[in-house]
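Taking it in order: structure first as structure tokens, then the write-up.
Below, read A as the first sequence line, B as the second, and so on, with proteins coming before strands; counting in each chain starts at 1. All values below were derived from every heavy atom in this structure, side-chain atoms included, with hydrogens, water molecules and symmetry-related copies excluded.
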There are 2 protein chains.
Amino acid sequence: MLSLDMVAAERDKCESPVGYCTHCDLGAKSFCSGLTTEQFRRFMTFLGQTSIECNATIFREGDPAQHLYEITVGAVKLYKLLSDGRRQIIAFLFPGDFFGLSLNGTYAYTAEAMLPVMVCRFPKRKLDALFEEIPVLEKKLLGATAQELAAAHDQMLLLGRKTAREKVASFLVMLWDRLCGAGERHQLITLPMSRSDIADFLGLTIETVSRTLTGFRREGLIALPDVNHLLIRQHEALQRIAEGA
Amino acid sequence: MLSLDMVAAERDKCESPVGYCTHCDLGAKSFCSGLTTEQFRRFMTFLGQTSIECNATIFREGDPAQHLYEITVGAVKLYKLLSDGRRQIIAFLFPGDFFGLSLNGTYAYTAEAMLPVMVCRFPKRKLDALFEEIPVLEKKLLGATAQELAAAHDQMLLLGRKTAREKVASFLVMLWDRLCGAGERHQLITLPMSRSDIADFLGLTIETVSRTLTGFRREGLIALPDVNHLLIRQHEALQRIAEGA
DNA sequence: CGTATTATTGACCACTCTCAAAAAACGTGG
DNA sequence: CCACGTTTTTTGAGAGTGGTCAATAATACG
């Protein structure tokens with residue numbers, strides 16, 4: 001049994017903390033950032049790194065929940081299904097995001113790779129031990145979960161109360177916020193998701209998504225060089241539409 | 001009738017760990033259950049207990065987030081607004097539920113009492129110290145947050161992909177699950193929320209909620225003795241409707 | 001290339017919303 | 001306790017946003 005004092009003592013012996021994991025380029029956002037050399041060595045013994053091919057299912061709703069995942073490369077979608085096949089995409093996830101948290105021992109949603117994906121995978125049965133050794137990780141996970149909860153709340157407002165036009169504008173702005181650096185205004189976004197994915201994320205049909213996007217294109221708010229590429233031309237205007245103003 | 005004093009007396013007879021806080025009747029669900037006598041004593045120094053009158057606003061979206069709350073008595077609604085007044089209710093909360101977690105130092109939603117409410121209130125700036133003293137609390141908060149996240153995911157499926165009929169049926173089943181003991185099949189539910197609240201929770205209008213409820217009443221699935229009381233007559237049938245079968 | 005899949009566009013329709021009025025419930029003060 | 005005004009809920013009629021169905025166009029992939 002390892003006491004907090006011992007952990008603290010161990011940490012004090014170490015020199016400056018390792019910057020962050022050298023196996024991915026998440027930087028400070030990563031789960032393993034800010035650990036001491038010794039903590040990092042222990043951390044690596046808990047972790048499994050896995051690559052997942054594009055379109056592969058990582059796990060299904062109802063599967064026994066054995067791992068917690070953090071994406072290092074690629075993009076993942078999470079979704080829930082109704083018995084007749086209607087689908088709701090819960091989240092689009094990118095490097096730095098967690099998924100796989102569960103309540104009753106089974107996953108509550110399906111996770112699917114939208115691109116070739118690299119993940120860090122933590123066995124759930126070892127999580128308590130890991131948190132005991134490196135308590136800061138538990139705080140990080142709580143923070144990440146709180147962030148996902150806030151995103152879910154935003155999406156509930158979108159799904160319940162926004163028009164199709166506002167939904168699509170919100171989606172575009174969200175993509176821009178997540179995938180574009182702050183500086184560059186006119187930056188080409190590569191969409192990892194299909195129109196069908198966008199529709200199932202926004203609670204619309206593919207036809208409505210398509211019509212709304214061409215609408216925005218005709219108004220000069222965006223450009224669509226090809227189906228998988230998107231250029232935000234008037235971010236401010238889209239933001240105003242997204243917020244219902 | 002069982003007085004609080006009697007409950008407290010019964011509990012004081014017990015050795016450590018203290019079963020649970022004597023100030024509320026949450027039992028094992030409570031944040032403070034399963035603590036040792038000493039831990040419980042320390043716990044109480046962190047906590048403020050507050051009563052809130054019905055319909056009072058506890059905090060507003062954008063307010064500086066100073067406290068984390070746990071409900072001990074009553075019911076609370078959380079909601080977000082669009083600039084033109086459109087409202088989405090994020091959650092209906094009952095005894096044992098937490099709220100007030102925030103990311104950037106401000107609350108991301110408004111919290112309003114639907115009944116006279118009692119809460120335990122934890123200052124955020126003391127939370128780290130509390131977790132250091134009683135690490136199990138951090139795990140409990142993580143668990144509660146994960147549970148809220150799962151509920152949010154279910155609600156996203158409802159908002160994005162269910163019909164009005166399925167939404168209202170889901171809502172009724174959810175109420176039954178949360179507010180009724182498992183044994184009693186025909187149990188009268190007292191609704192703490194208005195039709196307008198239900199509509200803003202389900203992404204519908206009050207008219208559609210009203211029409212759907214009268215529909216269920218005519219079909220014999222429920223009874224509505226008066227506006228604030230509800231009797232589930234055919235739970236199974238409602239469950240089937242809720243799941244889109 | 002030829003085939004299969006995905007995306008766009010069009011015409012039509014239905015579910016739910018909007019607007020409006022009546023009915024019921026609530027609150028307040030006499 | 002009842003009369004009154006206010007608010008909430010129910011019910012109705014009509015309209016509109018987004019869905020359905022269908023055809024065409026573009027793209028991906030062997």
Side-chain angles (χ1 to χ4, degrees), chain A residues 53-55 77 82 84-89 112 114-116 158-172 190-219 222-230 241 244, chain B residues 53-55 77 82 84-89 114-115 158-172 190-219 222-230 241 244:
Chain A
E53 66 182 9
C54 186
N55 296 320
K77 65 188 174 201
L82 290 172
D84 61 359
R86 278 175 287 172
R87 185 178 69 151
Q88 179 65 42
I89 292 187
E112 213 173 296
M114 298 192 293
L115 295 171
L158 178 148
L159 290 168
R161 286 300 178 221
K162 290 189 181 179
T163 65
R165 196 175 152 82
E166 290 162 359
K167 285 178 177 183
V168 176
S170 303
F171 172 69
L172 297 175
T190 303
L191 299 172
M193 66 287 285
S194 67
R195 294 291 186 272
S196 172
D197 288 339
I198 299 173
D200 285 347
F201 183 61
L202 299 178
L204 298 171
T205 59
I206 50 176
E207 293 93 333
T208 300
V209 170
S210 184
R211 274 187 260 266
T212 308
L213 285 175
T214 33
F216 286 157
R217 186 172 51 71
R218 294 220 174 97
E219 295 172 49
I222 60 171
L224 296 161
D226 67 277
V227 209
N228 295 318
H229 290 273
L230 166 75
I241 296 170
Chain B
E53 66 183 9
C54 186
N55 295 321
K77 64 188 174 200
L82 289 172
D84 61 0
R86 278 175 287 172
R87 184 178 68 151
Q88 179 65 43
I89 293 188
M114 299 191 293
L115 295 170
L158 177 148
L159 290 168
R161 286 300 180 220
K162 290 189 182 178
T163 65
R165 196 175 151 81
E166 289 162 359
K167 285 178 175 180
V168 176
S170 302
F171 172 68
L172 296 176
T190 303
L191 299 172
M193 67 288 283
S194 67
R195 295 292 185 271
S196 171
D197 288 339
I198 299 174
D200 286 347
F201 182 61
L202 299 178
L204 298 170
T205 59
I206 51 175
E207 293 93 332
T208 300
V209 170
S210 184
R211 273 187 261 267
T212 308
L213 285 175
T214 30
F216 286 157
R217 186 171 52 69
R218 294 220 173 98
E219 295 172 49
I222 60 171
L224 296 160
D226 66 278
V227 209
N228 295 318
H229 289 273
L230 166 75
I241 295 169

How close or far is atom [atom2] of [N] from atom [atom1] of [X], stated in whole angstroms?
X: K167(A); N: dG18(D); atom1: NZ; atom2: C1'; result: 9 Å
X: M193(B); N: dT8(D); atom1: CE; atom2: P; result: 16 Å
X: R87(A); N: dG19(D); atom1: CZ; atom2: C1'; result: 17 Å
X: I198(B); N: dT8(D); atom1: CD1; atom2: P; result: 14 Å
X: N228(B); N: dT10(D); atom1: CG; atom2: C1'; result: 14 Å
X: I206(A); N: dA22(D); atom1: CD1; atom2: P; result: 14 Å
X: R217(A); N: dA26(D); atom1: CZ; atom2: C1'; result: 13 Å
X: R218(B); N: dT10(D); atom1: CZ; atom2: P; result: 11 Å

Heavy atoms under 4.0 Å, any strand shown: does [X] hit a base, just sugar-phosphate, or nothing?
X: G215(A); value: nothing
X: L213(B); value: nothing
X: D197(B); value: nothing

Legend entry - Residue closer to the 5' end of DNA chain D, V227(A) versus E207(B) (nearest nucleotide): E207(B)
Legend entry - Whichever of P225(A) and T205(A) has its nearest DNA chain D nucleotide further upstream toward 5': T205(A)
Inset, instruction - For dT9(D), take OP1 and OP2 only and decide whether either is under 4.0 Å from a side-chain N or O of S210(B). - result: no
Legend entry - Presence of T208(A) side-chain N/O under 4.0 Å of dG18(D) phosphate oxygens OP1/OP2: no
Legend entry - Earlier contact from the 5' end, DNA chain C, for S196(A) and R161(A): S196(A)
Legend entry - Nucleotides bounding contact with chain B, strand DNA chain C, heavy-atom threshold 4.0 Å: dT16(C) to dC26(C)
Inset, instruction - Measure from the side-chain N and O atoms of R211(A) to the backbone N and O of I206(A), and report whether any donor-acceptor pair falls under 3.5 Å. - result: no
Inset, instruction - Report yes if the side chains of P192(B) and K77(B) come closer than 4.5 Å at any heavy-atom pair, otherwise no. - result: no
Legend entry - Residue pair T212(B) / K167(B), side-chain heavy-atom distance below 4.5 Å: no
Ignoring hydrogens, what is the shortest heavy-atom contact between [X] and [Y]? Give both atom names and the distance.
X: Q88(B); Y: D200(B); value: NE2-O, 3.1 Å
X: S170(B); Y: K162(B); value: OG-NZ, 3.0 Å
X: D84(A); Y: G244(B); value: OD2-O, 4.3 Å
X: D197(A); Y: R87(A); value: OD1-NH2, 2.8 Å

Inset, instruction - Look at the side chain of R211(B) and decide which nucleotide, out of dG18(D), dG12(D), dT10(D), has an atom nearest to it. - result: dG12(D)
